[in-house]
Amino acid sequence: MACQSCATGKDGQPKGCKNNGTCGTDSCNKLTVFDWLANMSLPNGEEPFDWVEVRFKNGRKHYYKNTENLTLSIGDIVATQAQSGHDIGMVTLTGELVRVQIKRKKVDTKNDVLKIYRKASQKDIDIWSEARDREEPMKVKARQFAIDLNLKMKISDIEFQGDASKATFYYTAEERVDFRELIKVYAKEFRIRIEMKQVGFRQEASRLGGIGSCGRELCCSTWLTDFRSVSTSAARYQQLSLNPLKLAGQCGKLKCCLNYELDAYLDALKSFPKTDTKLYTEKGTAVCQKTDIFKGHMWYAYEGEWMNWHLITIEQANEIIEINKQKKKVASLEEYAADLTVDTKTEFENVVGQDSLTRFDKPKHNKKRKTNKNRKRNKPKKVEANSNTNTNSNSNNQKRRNKKRRPNKNKPNNNNENK
């Protein structure tokens with residue numbers, strides 16, 4: 001979903017910023033909303049809702065009242081009310097869905113009323129784009145000034161107001177920072193009104209964007225708007241290893257996606273007995289070592305025999321616990337584990353004519369090597385002494401000559417026939 005300036009032209013090439021919808025100048029892919037009521041008409045006598053949703057740089061959104069009764073649609077560039085001057089943003093939602101969003105986000109529509117002045121003219125857009133071009137070189141200088149003053153803070157982003165009269169500096173810091181001297185340096189260098197705004201590490205990642213470990217864009221920069229607290233217990237419930245390198249996201253905090261399937265895991269774990277519950281048998285006391293939520297299996301080991309694990313189902317574990325509550329003991333876990341047979345051998349059938357899956361396991365024998373070995377075996381042994389080799393060769397030559405000189409008995413004698 002992209003804005004009108006990023007739509008494709010007649011020749012199939014993208015217009016506007018020419019980034020095919022991933023806008024580098026106005027973040028078209030961030031926090032987009034699908035208006036599923038756009039094709040539906042209002043009932044007779046009903047007037048359209050006069051509030052619109054406007055998005056600014058990197059997903060910042062506000063709600064404004066259309067007091068001038070402008071015909072606005074998604075993608076229009078508008079000039080909106082600000083504390084001083086005006087700001088430039090893009091309309092992302094109109095109609096009845098704006099009413100739903102205002103109600104969900106609990107926006108005060110009586111006291112905090114912000115207005116839309118007009119649709120942005122070409123002059124407004126030129127001033128706005130020139131101000132946006134100044135942000136990157138300005139951010140490099142701002143970070144250097146903070147380093148020179150030995151301030152433990154990071155300037156993550158800079159956002160200009162639409163009329164280029166004010167710049168907001170977003171920064172992250174773990175502790176409180178006294179940046180009064182820094183503001184004086186900024187005002188002297190940049191000649192503009194400065195506003196400092198501290199954001200969290202999650203908000204910083206949502207503003208800057210990035211690619212997650214799943215290979216997709218970050219959820220916080222594309223659709224996630226509310227940041228819920230994530231704890232390590234969510235990883236424990238899902239049987240994940242507590243590796244901070246794998247559980248941390250781009251922001252350095254725990255991944256937000258750990259909460260996505262947490263409710264499903266909690267519902268599944270209700271039927272499981274607690275892992276700290278011990279099973280008492282006549283053979284000994286068994287302690288839980290591992291659980292498989294998907295298959296409903298649990299592994300137990302006797303105290304002192306930690307290397308021997310016994311696999312039982314959750315129904316069998318609950319049955320043993322009920323027997324232990326009656327102050328009775330079962331004979332052993334082997335009786336329950338014998339009932340559960342696990343087929344570890346998987347056979348594949350050659351249904352569609354494909355080759356065997358183990359065709360690469362057997363090493364291939366080279367036929368050429370065999371023939372070379374046979375040739376070496378059939379060769380005559382070398383004679384050690386030179387004198388013996390000479391005598392043998394002479395005798396062989398003599399035999400060949402004698403064979404040539406011997407007369408053939410089968411041939412008739414021509415001399416006798418003439419007589």
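Reckoned from all heavy atoms, side chains included, excluding hydrogens, waters and symmetry mates. As the structure is a prediction and not an experimental result, all values here were calculated from the model. This chain uses plain numbering: 1 for the first residue, then up along the sequence.
Checking Asn243 against Ser241 by side-chain atom types alone, no donor-acceptor pair falls below 3.5 Å. A side-chain donor-acceptor contact under 3.5 Å links Ser84 and Arg193. Side-chain contact of Glu322 with Asn318: a donor-acceptor pair under 3.5 Å is absent, judged by distance alone.
Salt-bridge annotation for Arg99 and Glu96: present, with a side-chain N of the basic residue lying under 4.0 Å from a carboxylate O of the acidic one. A salt bridge is absent between Lys152 and Glu174; no separation between the charged side-chain nitrogens and carboxylate oxygens falls under 4.0 Å. A salt bridge is absent between Lys110 and Asp108: the closest approach of a Lys/Arg side-chain nitrogen to an acidic carboxylate oxygen does not fall below 4.0 angstrom.
Residues Leu70 and Arg118 share a closest heavy-atom pair of CD1-CA, 3.9 Å. When all heavy atoms of Met138 and Ile158 are compared, the closest pair comes out as C-CD1, 3.8 Å. For the residue pair Ser156 and Leu208, the shortest heavy atom distance occurs at O-CD2, 3.5 Å.
Here the NE2-CD distance, from His86 to Gln161, works out to 8.0 Å after rounding to the nearest 0.5 Å. Ile321 contributes atom CD1, which lies 11.0 Å from atom CD1 of Ile314 (distance to the nearest 0.5 angstrom).
Ring-plane geometry between His62 and Tyr64 is classed as perpendicular, the angle between the planes exceeding 60 degrees on a 0 to 90 degree scale with a lower cut at 30.
Checked options Lys197, Lys154, Lys139, Glu159; the residue passing with Tyr170 is Glu159 (criterion: side-chain hydrogen bond (donor to acceptor under 3.5 Å, both in side chains)). Among Tyr302, Trp299, Tyr300, the one residue that satisfies the ring pair (Phe, Tyr, Trp, His ring centres under 6.0 Å) test with His310 is Tyr302.
Within a 6.0 Å sphere centred on CD of Glu303, heavy atoms belonging to other residues, nucleotides or ligands number more than 12. Taking a 6.0 Å sphere around NZ of Lys278, one finds it holds 12 or fewer heavy atoms contributed by other residues, nucleotides or ligands. More than 12 heavy atoms of other residues, nucleotides or ligands sit less than 6.0 Å from atom CD of Glu195.
For Tyr171 and Phe179, the gap between ring centers is short of 6.0 Å.
A donor-acceptor contact shorter than 3.5 Å links the side chain of Gln238 to the backbone of Leu258. A distance-only check finds a donor-acceptor pair linking the side chain of Thr80 to the backbone of Asp87 [under 3.5 Å]. Formation of a donor-acceptor pair under 3.5 Å by the Trp309 side chain with backbone atoms of Trp306 is found in this model.
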*Begin from the C-alpha positions of Val230 and Lys255 and carry the test side chain to side chain contact (heavy atoms under 4.5 Å, CB included) through to its verdict.*
CA-CA 7 Å; Val230 186; Lys255 294 179 181 178; over 6 Å; no
